[in-house]
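Below you'll find the structure, written out as structure tokens, and then a few comments.
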Amino acid sequence: MVRNPFHLIEFSPWPLTGSVGALFLTVGSAGWFHGSSYSVSLLGFVLIIMTMFQWWRDVVREGTFQGFHTSKVFSGLCWGMILFITSEVCFFFAFFWAYFHSSLAPTPELGSCWPPIGIEPLNPFQVPLLNTAVLLASGVTVTWAHHALMEGNRSAGLQGLAFTVALGIYFTFLQAGEYQEASFAISDGTYGSTFFVATGFHGLHVLIGTAFLGVCLFRLQADHFSSGHHFGFEAAAWYWHFVDVVWLFLYLSIYWWGC
């Protein structure tokens, strides 16, 4: 009898707890914004965090210790990550569309010029350029870690991953300082809203990617990866390279061209 090459998962409570947590978080946040207590949203947040840890623990066990991630499952995971990154490309495309729609043909309400009258844009050759160098360097270090892992060099892989996580944290620190020093806010018309939404969501993706790589660093330290079985790290590296590329477009269009 030929064994099914696909992994048929067992019954799991985590989809249910995740859905309940998302419901509590959404309803509780809406009530909190209207003056109610934040206890319901806090409960939803705790449920989602618990579900994340428990569900990912099960996936790590299935792929690392139980051998359920066959070649067919691996192919499905690869395509799933590719489609997820494609959806993220479409997500950021909407922000770029909004920015160029407003900047290429500024309306009289904006003073018929871009940046609008009264807006003093950030200098692209100061903190934004440093952030660009930081992210490009992180792309180099994550590639270094990937090649070291494929060659079975665990110590070099740990060093490359540690440098990448540190650079991701440094990028977030620089961006937070940049936001504090900006002379405009998200409420300052079209420029403020498009700038902070686009760069803010990218900053959120940097935080997620840093956490993603941080988990990979912990797993590599625990010997969960080998030279031939490390898709968890590979997916994190793909995501990080996507974050790098999006930042290059943000820097060239919003910071450099837009000023």
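All values below come from the heavy atoms of this structure, side chains included, with hydrogens, waters and symmetry mates left out. Keep in mind that what you see is a predicted model, and the values were worked out from it rather than measured.
In the hydrophobic cluster analysis, where Ile, Leu, Val, Met, Phe, Trp and Tyr join through side-chain heavy atoms closer than 4.5 angstrom, F201 is grouped together with F184. Residue M50 is not grouped with residue I48 when hydrophobic side chains (ILVMFWY) are merged at heavy-atom distances under 4.5 angstrom, including chains of intermediate members. L213 and V215 fall into different hydrophobic clusters, where Ile, Leu, Val, Met, Phe, Trp and Tyr are joined by side-chain heavy atoms under 4.5 Å apart, directly or via other members. The cluster map of Ile, Leu, Val, Met, Phe, Trp and Tyr, joined by side-chain heavy atoms under 4.5 Å apart, puts F163 and L158 in different clusters.
Counting only residues at least two apart or in different chains, side-chain hydrogen bond (donor to acceptor under 3.5 Å, both in side chains) contacts with residues 209-218 are absent. Note on residues 35-48: pairs passing side-chain hydrogen bond (donor to acceptor under 3.5 Å, both in side chains), not counting sequence neighbours, are S37-S39. For residues 126-149, no pair satisfies salt bridge (Lys or Arg N to Asp or Glu O under 4.0 Å), with sequence neighbours left out.
Taking 4.5 Å as the limit, every side-chain heavy atom of L136 sits out of range of all side-chain heavy atoms of D244. Residues D188 and F196 are not in side-chain contact: their nearest non-hydrogen atoms beyond the backbone lie 4.5 Å or more apart. When side chains are defined from C-beta on, R219 does not count as touching F233, because their heavy atoms never get closer than 4.5 Å. The shortest distance between side-chain heavy atoms of L220 and H230 does not fall below 4.5 Å.
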### Message
Walk me through whether F171 and L167 qualify under side chain to side chain contact (heavy atoms under 4.5 Å, CB included).
### Response
CA-CA 6 Å; F171 176 93; L167 288 170; over 6 Å; no
### Query
Given W247 and Y251, is the side chain to side chain contact (heavy atoms under 4.5 Å, CB included) satisfied, shown in steps?
CA-CA 6 Å; W247 174 257; Y251 176 76; 4.2 Å; yes
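To the nearest 0.5 Å, atom CH2 of residue W256 and atom CG of residue L248 are 13.0 Å apart. Expressed to the nearest 0.5 Å, how far CG of L250 lies from CG of L135 amounts to 10.0 Å. The distance from atom CD of Q221 to atom SG of C216, rounded to the nearest 0.5 Å, is 13.5 Å. Remark: T132 OG1 to Y255 OH distance equals 8.5 Å, nearest 0.5 Å. In this structure, S226 OG and L149 CG are separated by 7.5 Å, a value rounded to the nearest 0.5 Å.
In this structure W240 satisfies the ring-ring contact (aromatic ring centres under 6.0 Å, His included) test with no other residue, sequence neighbours excluded. With sequence neighbours excluded, the residues that form a side-chain hydrogen bond (donor to acceptor under 3.5 Å, both in side chains) with T199 are Y179. Qualifying ring-ring contact (aromatic ring centres under 6.0 Å, His included) partners for F212, counting only residues two or more places apart in sequence or in other chains: none. Residues forming a ring-ring contact (aromatic ring centres under 6.0 Å, His included) with F173 (at least two apart in sequence, or on another chain): none. Applying the salt bridge (Lys or Arg N to Asp or Glu O under 4.0 Å) criterion to R154, with sequence neighbours excluded, gives D223.
Hydrophobic clustering, defined by side-chain heavy atoms of Ile, Leu, Val, Met, Phe, Trp and Tyr closer than 4.5 Å, groups F93 together with W97.
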Taking distance alone, no hydrogens or angles, what donor-acceptor pairs closer than 3.5 Å link side-chain atoms of residues 114-129 to residues at least two apart or in another chain?
from : atom 1 : to   : atom 2 : distance (Å)
W114 : NE1    : Y99  : OH     : 3.2
N123 : OD1    : F125 : N      : 3.0

Donor-acceptor pairs under 3.5 angstrom involving side-chain atoms of residues 72-92: please list them, not counting sequence neighbours.
from : atom 1 : to   : atom 2 : distance (Å)
T86  : OG1    : I82  : O      : 2.8
S87  : OG     : F84  : O      : 2.5
E88  : OE1    : H205 : NE2    : 2.2

Tabulate below the donor-acceptor pairs under 3.5 Å that side-chain atoms of residues 51-60 make, not counting sequence neighbours, or state none.
from : atom 1 : to  : atom 2 : distance (Å)
T51  : OG1    : T17 : OG1    : 2.9
T51  : OG1    : L47 : O      : 2.8
Q54  : OE1    : R57 : NH1    : 2.9
Q54  : OE1    : R57 : NH2    : 3.3
D58  : OD2    : W14 : NE1    : 2.8

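Contact record, T190 with S102: CG2-OG, 3.0 Å, taken as the closest heavy-atom pair.
Ring centroid separation for the pair F249 and H202 does not come in under the 6.0 Å cut-off.
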